[in-house]
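A short write-up of the structure that comes next.
Numbers here are sequence positions counted from 1.
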Amino acid sequence: IEIENEIMDNLLEFLSEVSYENFFQDPFPVIIKINHYLQEDIEYFKMLIQSSDVEQFLNRFKRLLVSYMERDENISKNIKDTKEFEVMIYFIAGGVIELYKRWFHEELNGVTLEGLAQYVSQCITNNAIQLAGGDKAVIG
């Protein structure tokens with residue numbers, strides 16, 4: 001638990017260094033920042049993610065991602081107050097967690113950590129554009 005708390009504190013610190021503005025328009029800088037953190041001790045994170053009691057940690061990380069997305073300053077309150085927005089951010093957070101989990105379990109053959117960041121970023125942006133009714137201006 002103490003190690004999990006330290007990891008969460010580090011992730012919170014990293015995320016606080018990146019503006020909440022324009023996350024949905026260009027999530028790549030945030031995802032890459034998380035990747036760099038993971039790469040600092042990749043073997044430890046691999047062991048952590050592959051352990052049997054990782055779900056509590058992943059749920060905490062999911063809540064952190066949801067909270068981060070809720071703070072995007074470029075998303076209008078009208079959109080943030082919709083059920084669609086709530087569904088989208090939980091969908092994205094769950095999807096991101098699942099993809100990284102699969103990557104750490106070596107189930108995404110040939111996908112690099114940077115490649116994963118690009119895929120994840122594109123999925124986030126595409127979902128945000130869809131929520132905005134295809135209007136990129138609403139998200140950026």
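A distance of 12.5 Å separates CD of E84 from CD1 of I89, quoted to the nearest 0.5 Å. Within the model, atoms NE2 of H36 and CD1 of I34 stand 11.0 Å from one another, a figure rounded to the nearest 0.5 Å. The distance from atom CD of E98 to atom NE2 of H105, rounded to the nearest 0.5 Å, is 8.5 Å.
Under the 4.5 Å side-chain criterion, counting only non-hydrogen atoms from C-beta, I49 is not in contact with Y44. Contact check for K80 versus E70: no side-chain heavy atoms found under the 4.5 Å cut-off. Within the 4.5 Å cutoff, the side chain of D81 has no heavy atoms near those of the F85 side chain. Put simply, the side chain of L65 reaches to within 4.5 Å of the side chain of F61, judged on heavy atoms. Looking at L48 and I3, their side chains never come closer than 4.5 Å, going by heavy atoms from C-beta outward. Counting heavy atoms from C-beta on, the side chains of T82 and V87 never come closer than 4.5 Å. Taking 4.5 Å as the limit, every side-chain heavy atom of R63 sits out of range of all side-chain heavy atoms of L58.
For the residue pair R71/S67, the side-chain donor-acceptor check at 3.5 Å is satisfied.
Remark: side-chain polar atoms of K62 are not paired, donor with acceptor, to backbone N or O of V96 under 3.5 angstrom. Within the 3.5 Å criterion, the main-chain N or O of I92 finds no donor-acceptor partner in the side chain of N127. Here the side chain of Q25 pairs no donor or acceptor atom with the backbone of T125 at under 3.5 angstrom.
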If you apply the rule side-chain contact (heavy atoms from CB on, under 4.5 Å), what do you find for F24 with I129, and how did you get there? CA-CA 8 Å; F24 290 98; I129 290 169; over 6 Å; no
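Scanning both residues, N74 and D72, for their nearest heavy atoms gives N-OD1, 2.8 Å. Closest approach of N35 and L113 over heavy atoms only: ND2-O, 2.9 Å.
Aromatic pair F45/Y37: centroids less than 6.0 angstrom apart.
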Return all side-chain donor-acceptor pairs below 3.5 angstrom for residues 115-123, not counting sequence neighbours, or 'none' if the list is empty.
{"unit_1": "S121", "atom_1": "OG", "unit_2": "F28", "atom_2": "N", "d": "3.3"}
{"unit_1": "S121", "atom_1": "OG", "unit_2": "A117", "atom_2": "O", "d": "2.8"}
{"unit_1": "Q122", "atom_1": "NE2", "unit_2": "N126", "atom_2": "OD1", "d": "3.0"}

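Residue pairs satisfying the salt bridge (charged side-chain N to carboxylate O under 4.0 Å, His left out) criterion with at least one member in residues 45-56, sequence neighbours excluded, are listed as follows: K46-E106, E55-K101.
Around the CZ atom of F91, the shell of radius 6.0 Å holds no more than 12 heavy atoms that belong to other residues, nucleotides or ligands.
The salt bridge (Lys or Arg N to Asp or Glu O under 4.0 Å) test applied to E114 returns no partner, not counting sequence neighbours.
In the hydrophobic clustering of this structure, M47 groups with I7; members are Ile, Leu, Val, Met, Phe, Trp, Tyr whose side-chain heavy atoms approach within less than 4.5 Å, directly or through other members. Linking Ile, Leu, Val, Met, Phe, Trp and Tyr whenever their side-chain heavy atoms come within less than 4.5 Å leaves I32 and V111 in two separate clusters.
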